[in-house]
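Below, chain A is the first sequence line, B the second, and so on; all start at residue 1. For clarity, every value in this text was computed on a predicted model and none was experimentally measured. Quick note: numbers below take in every heavy atom, side chains included, and nothing from hydrogens, waters or symmetry partners.
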Amino acid sequence: MTIVVHRDELLRHPVYTRVLHWSVAICFVLALLSGLAIYTPWLFHPLTALFGGGPMTRLLHPWFSLGFVVFFALQTVNWFDPMTWTADDRRWMKRLREYVKNTDALEPEYVGFFNAGQKLYFWTIVASAIVFLVSGVPMWFPRTFGPAIVAVAYVLHDLAALLMLVGFIVHVYEGTAAQPGTFQSMTRGTVDKRWAWTHHPAWYRRVTGRDPRADYEHAREHLAKRRREA
Amino acid sequence: MGPLIMTPEGVGRIFAPLTAFADGPFPEHYEPIESPIANPLHPSQSSNPVVTKMKTPLDKYGEPGQGFVVVCTTYRLTEHYHYWTKNNPMNVQLVPEPFVEVPVELANEMGITGGERVKVSSARASYVAKAMVTRRIKPMLIDGKKTYQIGVPIHWGYRGIAEDEGRTSLTPANMLSPTVIDPNAYTPEFKGFLVKVERV
Amino acid sequence: MATGILQIKAISGHASAPPGRGVQREEEVCKYVDVTTCIGCKACEVACVEWNDMPFQQTTFDNTYQTMRSTAWNYWNLIKFDEHQKDDGSLMWLMRKDQCMHCEDPGCLRACPADGAIVQYTNGIVDFQQENCIGCQYCVSGCPFDIPKFNSTTKKVYKCTLCSDRVGQGLEPACIKACPTGCLKFGTKSDMRALADKRAEQLREHSGFPDAGVYDPPSVGGTHVVYVLHDITHPERYGGLPANPQIPIAYTLWKRVAKPIGLLLALFAAPVAFFHYITEGPREPQPPDRELRP
């Protein structure tokens, strides 16, 4: 697979990944909105209007959720290797404070295809999807499972949903405003090479064979020279 | 007004002349025509001598010696009325199928579980229905012998919602009981006769 | 009469207080059921089916006089038959009329997430409004008495309405009207409770039932159906009546306390993200094309 697609751009996410990502996202958002309608009285009426009324919302919610589970299961198989937790990820987590405060312009050189934060989010979704499935089935067929199991399922399901809501908000922020140049990786599939050596230097090194820091220095000098000449 | 409304005096009589009772004049105890024991008062005339007996080939009477050792009684339920409510969906919903009430001790002895079909036979006919195993009928100790009683509600037979669906007895319960008519009230002996119970 | 007006006291899944709350004082109604004089004739079952125009269903013989195992979406009133053998060898044939208890603190209403699907009137009747029901069946697990039943075709849940349509016109419920022995009575909660207490005392003093009592469980705030039982210490003998009915703790602690806090905390993430953006700013790919703010 050719990674460099254009002089300054690298292919980050192929078509299959992008289709899966947006399928998961659409199913998740639909499940989230239909679930919120049932979860909160204040949002019930406005949100159920999106789905064709209360009964329709309740009917569709488990089907959106099943779609989410199926597509995400495929995504898990797709991303199992790049998401494996390593010693470098433990190191990254120790520097979480510096990451949030944007202390360094560039990510540490050991950061690969996904950083530890992304991996953490991914595995949280895996755990939550399992909790959703296991708690959702008794909620779908309450008379089969009995009141005690359903009451517990109800709490677990809602806790997982709240966790996912937080993760979702952070994920959308990180994927759009917080890190410019990221969103196009999931729409067009490509990223600028400067984005690559800034955020995922080890990946940049692996796919281009070049030293990310050296290329960064070179680009910086080039930019400074252009400014002096302007 | 007292309860004895059938006498002009309004009180009971110890001596009731023949015009008042066909089997008077004194109070007496008679066993039904089919009984597990002989009449303890006068075994040589166990049952009422002036009952009317029919003379068709079906009018046979059974004895304990022939295997008819279980006492049977027939009765009505509140959920049904005679033979017409077996055609009414509401009544059939309340009590859907013919059944026979069997004491739990007899059921255990014969290995019958609730819902299993049993055949109740008298000297005249047989009746097949599901068994209702219950604690409400206790075994009786008569003349030193343990005697069981079963109960057969009458409301099914020939056609009806249950019969047409094959959940049936097809034979009316009154084929089991003897057509032996009380000399005063003209009611047959529906309430006490002998049967044998078998698994089907 | 005062009990003939239907005014809403509580609405499931509703954002604000019910309208007109606290304006009028209403008398609460109650059904009185004397289990000791019930003969199990099922006139009340038939009356309920006929008044509510419910379709017949095919039943099967199940080794009992009980019409079916449990109430159904189209069978809201069921006499439960139990043969109880006492220690002295004697037998009691217990017959209890099973239907919605119309709890003062209904578990179904608390669990329900759909606006207006379950309402409780000021007279104590808890009524399902099927038009607003979404078929989620949270009420099925919220009820300590296993009463609400789901219809998988219409996708709605149904139960006894305490004949709210009759009571609303000043009539007694259909089952009360049909009972031939007088073991069912209808009136205000205070009157029926007083009657029940008196009957229980009569059973204890004169009828040889030292454990007779009234079933009106405080754990659900009392109910608008009270039973007089021969033995109040063993309600489970009467077709599985729970001794201490509870609404599952999840529906209380979780729904009323943790849920709103949880949602606020979760949505807190959005303002945090916004403030992160305006303070720490985005991470531009390096080197940045333009000068960043200092």
Side-chain angles (χ1 to χ4, degrees), chain A residues 36-42 44-45 48 53-59 100-102 105-106 139 141-143 145-152 154-155 158-159 161-163 165-170 172-174 177-181 191-199 216 219-220 222-224, chain C residues 11-16 107 111 113-117 131-144 146 149-150 154-156 247-251 253-255 258-260 262-263 265-274 276-277 279-289 292:
Chain A
L36 274 176
I38 301 170
Y39 181 75
T40 324
W42 285 269
F44 184 82
H45 278 294
T48 56
M56 222 34 215
T57 305
R58 190 268 169 201
L59 193 145
V100 170
K101 295 181 87 52
N102 287 346
L106 298 172
M139 289 162 82
F141 305 104
R143 204 119 199 276
F145 291 87
I149 294 180
V150 172
V152 169
Y154 181 57
V155 176
D158 292 357
L159 280 172
L162 287 172
L163 186 63
L165 182 56
V166 172
F168 179 69
I169 290 171
V170 171
V172 169
Y173 172 57
E174 289 287 314
Q179 320 230 353
V191 291
D192 188 73
K193 65 181 181 195
R194 294 180 305 129
W195 184 97
W197 69 50
T198 305
H199 296 293
Y216 160 66
R220 204 159 63 109
H222 190 82
L223 188 65
Chain C
I11 305 178
S12 68
H14 195 68
S16 52
D115 190 352
E131 316 85 79
N132 299 321
C133 173
I134 65 173
C136 68
Q137 301 169 71
Y138 283 14
C139 55
V140 171
S141 34
C143 175
D146 190 31
K149 297 294 186 308
F150 182 67
T154 61
K155 305 257 195 287
K156 307 283 183 191
I247 304 172
I249 196 87
Y251 294 115
L253 268 183
W254 180 242
K255 193 166 182 180
K259 264 176 74 163
L263 191 64
L265 283 175
L267 289 172
F268 190 54
V272 163
F274 175 72
H276 180 268
Y277 186 78
T279 52
E280 308 296 346
R283 295 176 138 244
E284 301 269 358
Q286 300 295 320
D289 278 339
L292 289 171

- Item | Residue C/Lys155 versus chain A: region with a heavy atom under 4.5 Å | side chain
- Note on the structure: Checked A/Arg194, A/Lys193, A/Met56 vs chain C; the most non-hydrogen pairs under 4.5 Å come from A/Arg194
- Message: Counting heavy-atom pairs under 4.5 Å with chain C, which one of A/Arg143, A/Arg220, A/Gln179 comes out on top?
- Response: A/Arg143
- Query: Closest heavy-atom contact between A/Tyr173 and C/Ala273?
  - Reply: CZ-O, 3.3 Å
- Query: So do the side chains of C/Lys156 and A/Pro55 get within less than 4.5 Å of each other, counting heavy atoms only?
  - Reply: yes
- Note on the structure: Turns out that what part of A/Ile149 lies under 4.5 Å from chain C's heavy atoms comes down to neither
- Is chain C contacted by the side chain of A/Leu223, its backbone, both, or neither, given a heavy-atom distance below 4.5 Å? side chain
- Note on the structure: Heaviest contributor of heavy-atom pairs below 4.5 Å to chain A, chosen from C/Pro248, C/Ser12, C/Ala270, C/Ala266, is C/Ala266
- From C/Thr279 OG1 over to A/Lys101 NZ, what is the distance, rounded to the nearest 0.5 angstrom? 7.5 Å
- Side chain, backbone, both or neither: which part of A/Leu36 has a non-hydrogen atom closer than 4.5 Å to chain C? side chain
- Examine whether an atom of A/Val100 lies under 4.5 Å from a heavy atom of chain C, and if so say whether it belongs to the side chain, the backbone or both; otherwise answer neither. both
- Message: For a quick test of reading the model, state the closest non-hydrogen atom pair linking A/Ala177 to C/Pro282 and the distance between them.
- Response: O-CB, 3.2 Å
- Message: Less than 4.5 Å to any heavy atom of chain C: does that hold for the side chain of A/Ala219, its backbone, both, or neither?
- Response: both
- Message: Rounded to the nearest 0.5 Å, what separates atom NZ in C/Lys259 from atom CG in A/Leu162?
- Response: 9.5 Å
- Please flag which part of A/Leu165 lies under 4.5 Å from any non-hydrogen atom of chain C: side chain, backbone, both or neither. side chain
- Note on the structure: Scored by heavy-atom pairs under 4.5 Å with chain C, the best of A/Ala196, A/Ala151, A/Ala178 is A/Ala178
- Note on the structure: Scored by heavy-atom pairs under 4.5 Å with chain C, the best of A/Tyr216, A/Phe44, A/Tyr154 is A/Tyr154
- Proximity breakdown for A/His45 and chain C, heavy-atom pairs closer than 4.5 Å: side chain
- Message: Minimum heavy-atom separation for C/Gln137 and A/Pro142, please, with both atom names.
- Response: CB-CG, 3.3 Å
- Knowing that exactly one of C/Glu280, C/Glu284, C/Arg283, C/His276 qualifies, which makes a side chain to side chain donor-acceptor pair (under 3.5 Å) with A/Asn102? C/Arg283
- Using a cut-off of under 4.5 Å on heavy-atom pairs, state which of A/Phe145, A/Trp42, A/Phe168 scores highest against chain C. A/Trp42
- Note on the structure: Scored by heavy-atom pairs under 4.5 Å with chain A, the best of C/Phe268, C/Tyr138, C/Phe274 is C/Tyr138
- Can you see which heavy atom on C/Ser141 is nearest to which on A/Val150, and at what distance? OG-CG1, 3.2 Å
- Task: Return the minimal non-hydrogen interatomic distance between C/Gly13 and A/Pro41, and the atom names on each side.
- Result: O-CB, 3.2 Å
- Is chain C contacted by the side chain of A/Met139, its backbone, both, or neither, given a heavy-atom distance below 4.5 Å? both
- Taking side chain as C-beta onward, heavy atoms only, is C/Ile134 less than 4.5 Å from A/Thr57? no
- Check each atom of A/Tyr39 against the heavy atoms of chain C and say whether the ones under 4.5 Å are side chain, backbone, both or neither. both
